[in-house]
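Please read the structure below before turning to the comments.
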Amino acid sequence: MRPACYHASRIPFCHERHEGDLLKTYDVVILGAGHHALVLQAYLGKADLEVLSIDRRGVAGGALTTVENPRQPGFLHNTHSFFHRALTQMPWYRDLELERHGASYIEPALNVALVLRDGRTLEWWTDFERTRASFDAISPRDARTLESWRERFLPIVEEILVPESRRPPLPPADRARRLEGSADGRLLLETSASSPLAFVEREFEHPVVKAGLLFFNGLREVDLRARGFGHHIPALLASRGKAQMCRGGSAELARALVGAVREAGGELQLDTTPRRIRVEGGRAVGVETEAGDLVRARRAVVSSLNPQQTFLDLFGPDDLPSGWREHAAAFRYNLLAPLFALDVDLEAPPLYWAAESRPELRQAFMVILGLEDAGQFLEIVAHHERGTIPPTVMWGACPTLFDPSQAPPGKHTAFMWEKLPYRLGRDASTWDEERDAHARRMLDVWADYAPNLAHDVIDWTARSPLDTERAFPNMREGDLLVGAFSHDQVGYHRPFAGAGHYRGPLPGLYLCGSSSHPGGNITGLAGYNCAQVLLADLGLEAPWFASS
Ligand SMILES: Cc1cc2nc3c(=O)[nH]c(=O)nc-3n(C[C@H](O)[C@H](O)[C@H](O)COP(=O)(O)OP(=O)(O)OC[C@H]3O[C@@H](n4cnc5c(N)ncnc54)[C@H](O)[C@@H]3O)c2cc1C
């Protein structure tokens, strides 16, 4: 019989525990075995530390999930992450030799296509010249604007923003001082003072271009109206990092990470829920589990969970310095991050009628539907604030166009995601009544663009923002970024002031999940940055970080 944790990825991660097992003492114990935790664990192992990760699920990798439809054998779905942005450029992908451990990535050339109701498209290609040509067909002036901002922002992205995401953040005053010392830094500070919405409204003219750019940015879940969040603009206009997918499914990246962890001597304790972080003499010294076991940690306990889980659920009221629990309780989640997901099993890929005049669309990777002008953003925000469902704007892909191994021969899988509020109507539980009806409406909208979906769907499955939280309680309120990107929760202040350097308030306690800088998504960088801090604190050599 398959264990409850079985996922289609064929990863034999389940580790059976027997009552009365004597649990070892490790150098480091990590709570949660999502990708940030695994990245950290692999580096610590390479530094010769004995490390255990503990996870409540029966499979490691967190949201790197690939799940087989239990009703339709062979149809695989990447339920909690699919588009892995510039993943192969991540320093840990190289250092941990993940290709040797089996990871392999695909980066389709027509990377993103916004399909309009009238059949026109706005396209982002891996080749910027083709992106420019697509913008030019919609608005020659906007194409010129895009090109000129891209040239100005490229060095900012590559020499400031990318390196900043790959190391522990500086205190804001030190950062500002450093940026003021260069022309690029000053331009970044000036742009940052704006809001993404104000910048795009000021610089671009065509409603479709504005909508496309903002949705691209909106994918990052910031409040586009927020002043001081203009630092997203350079990445939006100039980033060379494109969406990629893992061959075989997202869980194959988890499998490769686990391979790297195991090779470095790391262990995983799955199907295990922590009950308490043990504190002795004011120091974090281990983890007690719900099963009543104690795992001791000689050097550190690291949490990849959210601040409420870490500081409220796992510590006694007297274990933490005063004020710390209040900070954790006040940590907030992104209003706009929750997703509704629709996965379909298909006889044929979605055939967009717009491809009749634009055949390239048949090989488009990320497809955006329902978006026509920038004003829809404010409408979507207002619906989220009210807890109602906005007119459908959705995006997704057909993975099997690029990787046939994710469905039986000749068949296909596809999915669409939509930003919808966590609290629907009276509260989140309303989703259990509304989920399937909403999925059918979404499928109808999709079929307006791809008419073959009216007869080629073999089966479908939907998941609401509430389902996300049930699967991953760290994604509280369905927030897939595990914490709002607001002024007091970013950079040196993520998750909150005083905790933004991956260290907790007690000796031996560290943080490594998406609630730390640079935040959520499959970047591995919170784990990577925590590894830098922890290894430095332990006085251990870490040659890998010199070149990042
Ligand atoms: C529908 C959806 C689609 C997404 N698509 C993408 C995408 O295409 N690209 C992208 O980059 N990102 C995507 N994301 C976001 C991405 O999945 C997350 O930001 C990322 O996985 C966070 O990584 P993490 O390691 O911090 O946490 P997770 O991957 O969530 O891992 C946390 C781990 O902690 C465990 N855990 C939780 N609570 C406890 C507990 N109490 N005790 C023990 N263990 C616990 C969990 O079981 C899990 O294994 C998506 C998210 C969702 C919901």
Side-chain angles (χ1 to χ4, degrees), residues 5 7 13 29-41 53-65 67 77-87 90 219-221 241 243-246 250-251 253-254 257 268-277 287 289-290 303-306 308-310 312-314 334 337-343 365-366 395-397 399 415-420 422 462-483 495 511-516 518-528 530:
C5 61
H7 279 231
F13 288 168
V29 176
I30 304 176
L31 299 179
H35 83 294
H36 286 304
L38 294 176
V39 168
L40 170 66
Q41 187 176 7
S53 285
I54 293 177
D55 202 289
R56 63 187 279 279
R57 301 181 85 226
V59 60
L64 291 174
T65 49
V67 179
H77 295 282
N78 301 289
T79 50
H80 293 88
S81 79
F82 175 71
F83 302 111
H84 295 173
R85 190 159 292 277
L87 199 114
M90 293 298 167
L219 288 178
R220 290 165 179 78
E221 278 83 28
Q244 302 175 327
M245 63 178 276
C246 192
S250 299
L253 178 61
L257 280 166
L268 299 163
Q269 178 81 49
L270 303 174
D271 286 319
T272 301
T273 304
R275 184 176 61 203
R276 178 67 65 96
I277 295 175
V287 175
T289 70
E290 288 288 359
S303 174
S304 75
L305 309 181
N306 70 40
Q308 282 98 359
Q309 289 177 304
T310 305
L312 302 185
D313 300 348
L314 293 175
N334 285 291
L339 292 187
F340 186 98
L342 172 64
D343 293 329
F365 187 38
M366 184 192 298
W395 73 102
F415 67 90
M416 278 287 159
W417 293 333
E418 189 180 355
K419 276 180 190 297
L420 290 180
Y422 169 74
R463 285 177 314 283
S464 72
L466 179 60
D467 295 327
T468 297
E469 186 187 56
R470 285 175 176 141
F472 294 100
N474 50 313
M475 298 187 192
R476 192 160 150 168
E477 299 178 17
D479 179 359
L480 57 89
L481 299 177
V482 202
L511 306 174
C512 76
S514 295
S515 302
S516 294
N521 280 330
I522 305 300
T523 68
L525 293 174
Y528 180 76
C530 179

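Whatever order the structure lists ligands and atoms in, that order sets their numbers, starting from 1.
With ligand atoms numbered from 1 in the order given, ligand 1 contributes 23 (O), 24 (P), 25 (O), 26 (O) to contacts under 4.0 Å with heavy atoms of His36. If you number the atoms of ligand 1 from 1 as listed, the ones under 4.0 Å from a heavy atom of Gly62 come out as 29 (O), 31 (O), 48 (C), 49 (O). Numbered from 1 in the order shown, with element, the atoms of ligand 1 that lie under 4.0 Å from a heavy atom of Thr79 read 1 (C). Near Phe472, meaning under 4.0 Å from one of its heavy atoms, ligand 1 places the atoms 30 (O), 46 (C), 48 (C). Every atom of ligand 1 is numbered from 1 in the order shown, and the set under 4.0 Å from a heavy atom of Phe82 is 7 (C), 8 (O). Within ligand 1, counting atoms from 1 as listed, the ones closer than 4.0 Å to a heavy atom of Ala63 are 17 (O), 21 (O), 28 (P), 29 (O). Residue-ligand proximity, Ile522 to ligand 1, at heavy-atom distances under 4.0 Å covers atoms 10 (C), 11 (O), 12 (N), 20 (C), 21 (O). For ligand 1 and Leu339, the ligand atoms under 4.0 Å from any heavy atom of the residue are 1 (C), 2 (C), 3 (C).
Ligand 1 lies nowhere less than 4.0 angstrom from a heavy atom belonging to Val482.
Nearest to atom 18 (C) of ligand 1 among the protein's heavy atoms is Leu480 O, 3.2 Å. Looking at atom 30 (O) of ligand 1, its nearest protein heavy atom turns out to be Asn474 ND2, 2.8 Å.
One option in Gln309, Arg275, Gln269 has a heavy atom closer to atom 41 (N) of ligand 1 than any other, and that option is Gln309. The residue among Arg463, Glu290, Arg56 with a heavy atom at the shortest distance from atom 43 (C) of ligand 1 is Arg56. Evaluated by nearest non-hydrogen atom to atom 36 (N) of ligand 1, the leading choice among Thr468, Leu305, Thr523, Ile30 is Leu305.
Taking both residues in full, the closest heavy atoms of Asn306 and Arg476 are given as ND2-CB, 4.0 Å, listed atom of the first, atom of the second, then distance. When all heavy atoms of Phe340 and Ser464 are compared, the closest pair comes out as CD1-CA, 3.9 Å. Minimum heavy-atom separation, Leu268 to Ala33: CD2-CB, 4.4 Å.
With a 4.0 Å cut-off on non-hydrogen atoms, Ser514 touches ligand 1 through its backbone as well as its side chain.
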